[in-house]
Every structure is written in C-alpha cells, then in structure tokens.
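Working notes, structure below.
Letters A, B, ... mirror the listed sequences (proteins, then strands); counts begin at 1.
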Protein chains: 2
Amino acid sequence: MNASAKPERTRLSAEDWEDAALKLIADQGVGALAVEALARQLGVTKGSFYWHFRTREALLQAALERWEQYGEREVISQIEAMPDPRARLPELFRRVAHEIAPHRVYAALLKALDHPQVVPVMARVSQRRMEFLTNIYREAGLAPDEALNRARLTYAAYVGFLQLNFTLGLPRISHEEFDAYVEHMIKTLTPG
Amino acid sequence: MNASAKPERTRLSAEDWEDAALKLIADQGVGALAVEALARQLGVTKGSFYWHFRTREALLQAALERWEQYGEREVISQIEAMPDPRARLPELFRRVAHEIAPHRVYAALLKALDHPQVVPVMARVSQRRMEFLTNIYREAGLAPDEALNRARLTYAAYVGFLQLNFTLGLPRISHEEFDAYVEHMIKTLTPG
DNA sequence: GGCAATCCATACTCGTCCGTATGGTTACTG
DNA sequence: CAGTAACCATACGGACGAGTATGGATTGCC
C-alpha cells in the first residue's frame with residue numbers, strides 16, 4: 001500500500017521514468033508533469049531523476065517519442081488484414097469506441113497543443129491516422145477527394161468525442177445509448 | 001507603441017480585466033493567465049488587479065461567466081428565425097465554418113478541461129448547443145433518437161475540427177479545399 | 001478647494017518547482 | 001573481494017508567480 005504502484009523495485013531505468021511520465025500525463029495532463037511529483041510517485045527523489053535525464057524537457061521528449069513508437073497499436077495492421085474493405089470501417093469504429101485506455105494519452109496531448117514539444121508529435125500521429133482512414137475510404141469505394149474529406153470528418157468526430165466525453169463528462173451517456181450512437185455513426189459515415 | 005493595445009487609458013474597471021483575461025486565454029490558453037502578465041499588458045501593475053479582484057481564481061471565474069453570458073452569439077436566434085427548417089443546417093454549418101474568431105475562446109477552454117473551474121461552464125455551453133442542434137435535426141425530419149445522435153456526431157466533428165485545425169495546424173488546408181470540406185460535411189450530415 | 005472614495009505603485013513575503021553539487025549506497029566485474 | 005560504474009539521497013541556489021502591506025495619485029462630490 002505504498003505511494004508507488006509497484007512498491008518493490010530497487011533500481012529504476014530511464015524507461016521506467018518514461019512510462020511513469022506517460023501514466024501521469026494520461027491521468028493529469030502534461031502540465032502536471034513535475035519531476036518531484038513523479039519521483040514521489042516512484043518512491044525515489046529528484047537525485048534519481050537527474051541521473052537519467054538532463055532536464056524535465058528531455059523526459060517529456062523521450063516519453064512522447066516512446067508513446068509515438070509503441071502507442072500506435074497494431075490495430076492498423078489488423079484492420080488492413082481484413083479481406084472485405086467494406087467491413088473494415090464498421091470494425092474499426094467499434095474497436096476504437098470500446099477501447100478507451102489507449103486513447104487517454106492522446107486525449108491528454110490534445111489538451112497540450114500549446115506546448116511546442118507535443119505539436120510535432122501530434123501532427124505526425126494524426127497525419128498517419130488520417131492517411132490510414134483515407135485509404136480505407138478509398139478502398140470502400142469513395143473517390144479520392146471524397147475519401148479525404150470523409151476521413152477528415154470522421155477523425156474530427158473522433159477527436160471531438162474524446163474531448164466531450166471522457167475529458168468533459170458531457171451527457172453521462174449509458175452503455176446502450178453509447179452503442180446506439182456508435183451504430184448511428186457507422187451508418188452515417190460509412191459509404192453505401 | 002506601448003506594451004498595451006490601448007495605450008491611452010487612465011483607470012480600469014473589473015470588466016476591462018475580464019476582457020483582457022479572455023483575450024489572453026484565446027491567445028495563449030488558460031494556463032498563461034497570470035496576473036502580472038495581464039497587468040503588464042494593460043499597462044499597470046498588480047496593485048491595480050488586487051483592488052478589483054480578491055484572487056486570480058476570482059478573475060478566471062468572472063471572465064468565464066462573462067464569456068458564457070455574452071459569448072453565446074445571436075447566431076442561434078438568427079438561425080431559428082429561418083422559415084425553412086431544412087435550410088437551417090447548411091446555413092449554420094457555413095456560418096460556423098467561416099467565423100473563426102468567436103470560437104477561439106471555446107477552443108482554448110477545450111484544452112483546459114482539467115481545470116475544475118472551466119468544466120461546469122463548458123458543460124453548460126456544450127449542452128445548450130447540443131440541444132439546439134438536436135432541435136434543428138428534429139425539425140429537419142429526423143426521429144428523436146436519430147436527431148440526438150446526429151447532433152452528437154455533428155458537435156463532436158465541430159469540436160474535433162477546432163482542435164485539429166487552428167490549435168494543431170494539421171494539414172494547412174487551402175481555402176478551396178476547406179470550402180469543399182464544408183460542403184462534404186453538409187452533404188454527409190444533413191438528412192435528405 | 002477640500003475631502004472621501006476609488007484606483008494604482010512599490011516593496012515586500014511565501015511557496016513551488018527546476019536544476020546543481022556532492023556524497024553515500026548498491027550492483028557488477030575481474 | 002576489491003574497485004568501479006550505476007544509481008540515489010540530501011541540501012542548496014535561483015527563478016517565478018501569488019498574495020499582502022502600505023502609501024501615493026486621481027477622481028467625483030459637497
């Protein structure tokens with residue numbers, strides 16, 4: 001019942017700090033990323049931190065890069081492996097809608113877009129996802145420009161949903177209502 | 001060529017501070033709302049501030065309430081005055097898409113949803129707008145639950161667009177492209 | 001023109017957080 | 001079992017921002 005989630009650890013690595021940083025970002029946002037707070041949470045002091053990282057900024061950078069690398073799930077490859085292109089969109093929507101945990105860091109980063117360090121990361125990640133979405137729409141039968149615009153619309157709806165629902169807790173939607181919303185979204189945004 | 005935007009002002013009122021606060025929030029976010037910075041921008045010192053407000057928190061509160069009252073444009077009443085219900089949605093979309101300035105505070109507040117003071121304000125404002133949207137969709141012919149879900153989707157797309165485009169500068173979209181996107185959005189999200 | 005009330009400046013205190021300096025402790029290695 | 005490298009604690013310096021104290025300036029009013 002220590003302050004740390006993993007109480008029995010003797011020595012830490014840089015990766016441990018990065019993971020802890022991402023967890024803290026997901027919980028309280030980028031602004032709450034303070035080295036003394038992190039150290040307390042890990043059961044050590046600042047002395048440890050400044051051995052692994054030159055500065056707080058360096059930790060943020062490392063954590064972001066780590067997230068960008070490993071955070072991009074294999075969802076993409078799994079979806080692309082599906083034989084029927086028209087079946088990919090509904091599957092993608094339902095998947096994303098029901099896996100909330102992996103999106104918490106993205107939602108937190110979305111609120112830190114004034115921070116110079118997160119902007120390029122978010123730009124790259126969002127760009128890749130949008131291109132992926134655009135491809136799916138093209139393979140589902142949309143013309144190139146239509147596919148691009150539909151991808152923009154879909155991704156904007158995704159981002160907005162993140163903000164409105166588990167950052168703001170807007171209309172405390174029930175499970176059944178939520179499922180109905182997802183199906184409505186599929187019906188509205190899927191061609192055909 | 002002073003530091004202040006309006007150099008020739010002798011005495012300030014509480015409303016002046018609130019307006020300046022909202023301007024600063026729109027420009028640099030809620031986190032940048034510091035009293036000394038604000039004072040510099042207004043050409044005075046902290047001594048002035050603490051006469052008008054008991055604390056920084058009080059200023060934020062007052063500014064948010066001011067924004068909630070006067071920020072809700074008369075767009076709503078203008079749209080509702082339109083005779084043809086089916087013509088309201090395209091008009092609303094085009095309007096919102098081309099008036100960027102009034103949405104800058106909303107976008108900034110969207111990034112401050114971890115702050116306890118902004119959450120209730122944003123909840124109320126977003127709720128009202130969603131209800132407004134839901135009504136329009138119903139009047140355009142959608143069934144009640146369909147109208148609600150479509151309103152959710154539309155509003156999420158709006159919120160997401162704010163984040164992706166003038167917070168992140170995502171794909172530096174051109175004017176023509178943007179107009180095409182808006183029309184695509186109208187075609188996709190408008191019933192019939 | 002004098003007197004309050006209003007408004008603002010200056011000069012502090014205090015807490016927080018980043019970063020540094022330095023010495024101690026644990027683990028690895030020959 | 002040394003000795004060296006990796007890891008961590010303690011203590012400090014300094015920047016920055018909120019809030020307080022107090023006196024000065026300005027405005028409106030009688």
List in chain and number order the residues that pass side chain to side chain donor-acceptor pair (under 3.5 Å) with A:D145, two or more places apart in sequence or in another chain; answer none if no residue qualifies.
none
Take atom CG of B:L38 and atom P of D:dG17, then tell me their distance rounded to the nearest Å.
12 Å
Rounded to the nearest Å, what distance is computed from the CZ atom of residue B:F49 to the C1' atom of nucleotide D:dT20?
14 Å
Note: contacts of residues 111-121 of chain A with DNA chain D (heavy atom, under 4.0 Å) are none
In whole angstroms, how far is the C1' atom of D:dG17 from the NZ atom of B:K46?
7 Å
If you round to the nearest 0.5 Å, how far is CD of A:E177 from CZ of B:R152?
4.5 Å
Of all the heavy-atom pairs spanning B:R56 and B:V30, show the shortest one and how long it is.
NH1-O, 4.3 Å
With ring centroids as reference points, do A:F178 and A:F161 lie under 6.0 angstrom apart?
yes
Please list, chain by chain and in numerical order, all residues satisfying side chain to side chain donor-acceptor pair (under 3.5 Å) with B:Y181, sequence neighbours excluded.
none
B:H175 atom NE2, neighbour heavy-atom count above 12 within 6.0 Å
no
Taking ring pair (Phe, Tyr, Trp, His ring centres under 6.0 Å) as the test, write out the residues that go with A:H103, two or more places apart.
A:Y158
According to salt bridge (charged side-chain N to carboxylate O under 4.0 Å, His left out), does anything in residues 28-39 of chain B pair up with another residue at least two apart or in another chain? List the pairs.
none
Scan residues 132-141 of chain B for pairs that pass salt bridge (charged side-chain N to carboxylate O under 4.0 Å, His left out), counting only residues two or more places apart or in two chains.
B:R88-B:E139
Kindly state which residues belonging to residues 28-36 of chain A come within less than 4.0 angstrom of DNA chain C, counting heavy atoms of the residue only, listed by number.
A:L33, A:A34, A:V35, A:E36
Atom pair CD/CD of B:E68 and B:E65 - distance to nearest 0.5 Å:
7.5 Å
Below 3.5 Å is the cut-off: list the nitrogen or oxygen pairs between protein and nucleotides 28-30 of chain D, distance only.
none

Could you pull out all residues at least two apart from A:E57 that satisfy side chain to side chain donor-acceptor pair (under 3.5 Å)?
none
Look at the side-chain heavy atoms of Ile, Leu, Val, Met, Phe, Trp and Tyr, link any pair under 4.5 Å apart, and say whether A:Y155 and A:L153 land in one connected group.
yes
Separation of atom CD in A:Q41 from atom P in C:dC17, rounded to whole Å:
14 Å
Is A:L24 reachable from A:V35 through a run of hydrophobic residues whose side-chain heavy atoms are each under 4.5 Å from the next?
yes
Nearest heavy-atom neighbours spanning A:G160 and B:V159
CA-CG1, 3.7 Å
From A:I76 CD1 over to A:E131 CD, what is the distance, rounded to the nearest 0.5 angstrom?
10.0 Å
Donor-acceptor pair, distance only, cut-off 3.5 Å: does the side chain of B:R150 make one with the backbone of B:L189?
yes
Listed in order of residue number, which residues of residues 50-63 of chain A have a non-hydrogen atom at under 4.0 Å from DNA chain C?
A:Y50, A:T55, A:R56
With the criterion being N/O to N/O and under 3.5 Å, what pairs connect the protein with nucleotides 24-30 of chain C, and how long is each?
unit_1, atom_1, unit_2, atom_2, d
C:dT26, O2, A:R11, NH1, 3.3

Checking C:dA9, D:dT10, D:dA18 against the side chain of A:T45 (C-beta onward), the nearest is D:dT10
Evaluation steps, side-chain contact (heavy atoms from CB on, under 4.5 Å), between B:T188 and A:N149
CA-CA 10 Å; B:T188 308; A:N149 281 328; over 6 Å; no
By nearest heavy atom, map A:G47 and A:A37 onto DNA chain C; which one lands nearer the 5' end?
A:A37
With pairs defined as Watson-Crick or G-U wobble and both distances under 3.5 angstrom, please note down DNA chain D as a dot-bracket string, | for pairing with another strand.
||||||||||||.|||||||||||||||||
Let me know the distance between CG of A:L42 and C1' of D:dA9, rounded to the nearest Å.
15 Å
Take atom CD1 of A:I100 as the centre, draw a 6.0 Å sphere, and report whether it contains more than 12 heavy atoms from other residues, nucleotides or ligands.
no
